[in-house]
Amino acid sequence: MDKKIMLGNEAIARGAYEAGVRVSTAYPGTPSTEITEAIADYKDIYVEWSPNEKVAAEVAIGASVAGARSLVCMKHVGVNVAADPLFTYAYTGVNAGLVLVVADDPGMHSSQNEQDSRYYAIASNTPMLEPGDSAECKEYIKLAYELSEKYDTPIMLRTTTRVAHSQSFVTLEERANDELKPYVKDTPKFSMMPANAIRRHLAVEARMNRLKEDSNSLDINKIVYKDKKIGVICSGVVAKYVEEALPTASVLKLGMVHPLPTKLIEEFSKNVDEVIVAEELEPIFETQIKALGIKCRGKDIFSIQGELSVAIIKEKLLGIPMTKADTDLPVRPPVMCAGCPHRGVFYVLSKNKITVTGDIGCYTLGAQMPLNAIDTVVCMGASIGMAHGFIKARGEEQAGKTVAVIGDSTFVHSGITGLVDTVYNKGLSTIVILDNSTTGMTGHQNHPATGLTIRDEVTHQLDLVEVAKACGVKSENIRVVDAYKMNDFEKALKEELNKKEVSVIIAKRPCVLLDKSKKPLYAIVSDKCKKCKACMKIGCPAIQFTEDGRMVITKDQCVGCGVCVDMCKFDAIVKEER
């Protein structure tokens with residue numbers, strides 16, 4: 001058998017392939033995105049980018065009912081969107097196995113909150129596994145399909161950013177039999193009207209009791225006794241940290257994190273002097289262990305926020321202070337790329353002192369200085385509804401000073417319903433769709449408005465202008481402008497803000513990282529430059545003020561968008577040939 005170094009996400013994809021998965025769905029979201037991208041390389045699996053996580057879950061559920069092992073992947077906040085079908089499919093149970101992979105983001109490296117998906121497993125009565133490295137990612141997902149079909153339940157597999165994006169060796173094995181299971185109509189099982197759901201709820205409770213008992217003998221829940229002065233209960237990547245930081249400690253590593261193997265926990269606790277619970281984010285293990293009457297420590301030692309690490313565990317449990325390298329790392333906040341088509345739009349909004357309800361995507365960076373253009377960011381698709389509510393609360397006059405900003409992929413994900421609501425309820429909002437023809441922040445995935453599938457097959461291209469019309473926006477209130485042409489955008493913005501109706505401005509220009517068209521370079525003519533620094537107000541990383549007092553455009557970063565030219569009143573920025 002071959003071995004290969006894989007990301008955790010790639011290993012999940014490999015495990016799904018080996019498990020005989022036939023259908024895989026997702027909406028891209030860091031840190032889960034690479035799972036579905038890797039699955040696209042396995043031609044035996046049907047794979048799609050769905051418009052959002054709810055649809056992705058529903059497609060996977062349909063495939064599971066039809067008899068195909070199916071996989072649906074998302075980041076932690078995506079489960080908020082997918083929760084509706086997830087909770088009810090936990091009631092119905094499966095035909096073929098279904099696994100929902102959720103990637104949590106402790107430390108919020110690329111997320112707007114730090115929620116703990118173990119709560120979803122508990123609330124929905126869905127069993128959850130948690131691997132700690134790439135090899136476990138592959139093996140746990142294969143086990144998840146066995147458990148799904150044995151116990152007639154969807155299974156959640158939880159990873160975190162470190163597991164998803166770390167690499168380790170994975171043993172490659174053959175694909176399992178992927179034949180469809182028979183489909184037999186079973187209305188009492190799969191149609192959740194109240195009378196059926198009441199009976200299925202009883203089945204769910206019986207299943208969870210079975211699983212709770214059986215989890216005590218699962219191989220993925222492991223006790224390793226060493227020095228019994230300290231016994232650490234942990235899971236996932238934290239177990240790897242504990243193994244390195246406390247090589248002599250006794251450890252109970254939980255592979256199934258819901259339901260917990262209570263008998264195993266009680267046995268372990270009796271055989272060590274002190275129980276320490278090491279878990280990232282919420283005290284979920286700790287709370288349940290204390291409820292068993294077991295004395296333990298956890299969040300009085302470790303923070304409820306952010307990630308754990310080997311250094312943190314050593315400091316908290318051994319008193320070894322973290323080194324300068326652990327604590328004084330330079331801060332490198334993300335910035336919009338040089339030539340990003342969103343930059344000019346945000347400059348115009350900021351210059352005109354517009355209240356901007358923002359959304360989730362790389363354009364969220366418009367909230368940072370020097371643009372400082374965004375007032376609010378909450379969740380995918382929220383910008384349109386929030387602008388509508390903001391104007392309804394503050395009155396008609398506010399409509400001329402408020403804009404909702406949303407990306408093309410996010411608009412398709414969950415912005416359309418906000419637009420329907422705004423038109424239906426006689427709103428006055430101006431909505432700016434930043435159309436860069438991709439899902440930019442997660443690494444340039446296709447979506448319905450790009451006209452390409454995940455495998456770059458040509459398909460129907462959703463027309464955002466026609467969608468806006470279908471939602472009820474009048475044709476004369478829909479404008480398409482070049483995002484690089486700030487003056488054109490500003491003119492359109494002022495005209496639409498003055499209307500007492502819903503308007504949509506589509507600021508269109510491909511993401512600069514995808515746009516391969518040849519453009520000129522720009523340079524600053526020193527003799528003409530007045531050092532007013534107006535060009536720096538757009539925050540382009542290619543424009544710098546040097547130590548010797550000169551304004552320069554660095555040629556290795558300039559992509560030739562020309563936005564800076566509109567900023568200079570002294571004609572000091574000129575084209576150069578590449």
Side-chain angles (χ1 to χ4, degrees), residues 27 50-55 58 77-78 80-85 112-113 345-346 348-349 352-361 363-364 366-367 373-435 447-449 462-481 489 492-508:
Y27 180 82
S50 305
N52 61 38
E53 294 87 356
K54 181 177 184 291
V55 173
E58 290 158 351
V77 287
N80 301 333
V81 183
D84 197 0
Q112 68 268 37
N113 70 33
V345 169
F346 282 128
V348 170
L349 293 170
N352 285 277
K353 296 181 171 54
I354 303 296
T355 298
V356 177
T357 56
D359 226 296
I360 304 298
Y363 50 90
T364 305
I374 293 179
D375 291 67
T376 68
V377 176
V378 174
C379 68
M380 294 284 284
S383 58
I384 298 176
M386 288 182 67
H388 177 57
F390 198 93
I391 294 165
K392 288 294 185 183
R394 300 193 66 86
E396 188 174 299
E397 183 183 341
Q398 188 67 40
K401 300 180 287 187
T402 303
V403 162
V405 169
I406 190 168
D408 49 331
S409 181
T410 311
F411 179 70
V412 175
H413 177 284
S414 50
I416 296 171
T417 48
L419 182 56
V420 170
D421 177 71
T422 303
V423 175
Y424 170 68
N425 286 297
K426 301 181 179 180
L428 304 173
S429 302
T430 298
I431 294 104
V432 177
I433 300 175
L434 300 173
D435 183 2
H447 60 75
L462 191 69
D463 187 323
L464 299 184
V465 171
E466 294 302 319
V467 169
K469 289 180 185 177
C471 291
V473 183
K474 294 178 180 178
S475 297
E476 60 268 27
N477 295 343
I478 302 172
R479 309 279 287 272
V480 180
V481 299
F489 173 73
L493 176 70
K494 289 179 177 179
E495 289 174 358
E496 297 308 319
L497 283 172
N498 283 327
K499 295 178 179 178
K500 300 302 182 184
E501 296 177 299
V502 179
S503 295
V504 172
I505 302 172
I506 302 173
K508 192 172 180 65

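If you're wondering where the values come from, they're calculated on a predicted model, not measured in any experiment.
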Could you verify whether a donor N or O on one side chain and an acceptor N or O on the other, from H388 and N425, lie under 3.5 Å apart?
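Their side chains do not contain a donor-acceptor pair, so the 3.5 Å distance test is not met.
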
Okay, side chain of [X], backbone of [Y]: is any donor-acceptor separation there less than 3.5 Å?
X: N477; Y: S503; result: no
X: N352; Y: V348; result: yes
X: T402; Y: A387; result: no
X: Y363; Y: I406; result: no

More than 12 heavy atoms of other groups within 6.0 Å of K500 NZ:
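For K500, atom NZ is crowded (more than 12 foreign heavy atoms under 6.0 Å).
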
With a cut-off of 6.0 Å (strictly less than), are more than 12 heavy atoms of other residues, nucleotides or ligands near CD of E476?
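Atom CD in E476 is packed in, count exceeds 12.
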
Got T357 and D375 here, is their nearest side-chain heavy-atom distance under 4.5 Å?
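A side-chain contact under 4.5 Å is absent here.
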
OH/Y27 to CE/M380 distance, rounded to the nearest 0.5 angstrom?
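These two atoms lie 3.5 Å from each other.
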
Verify side-chain hydrogen bond (donor to acceptor under 3.5 Å, both in side chains) between S383 and D359, making sure each step is shown before the conclusion.
CA-CA 5 Å; S383 58; D359 226 296; 2.6 Å; yes

Partner set under side chain to side chain contact (heavy atoms under 4.5 Å, CB included) for V465, not counting sequence neighbours:
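Partners of V465 under the side chain to side chain contact (heavy atoms under 4.5 Å, CB included) test: D463, K469, I478, V480, I506.
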
Please list, chain by chain and in numerical order, all residues satisfying salt bridge (charged side-chain N to carboxylate O under 4.0 Å, His left out) with E58, sequence neighbours excluded.
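With neighbours one apart ignored, the set is K54.
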
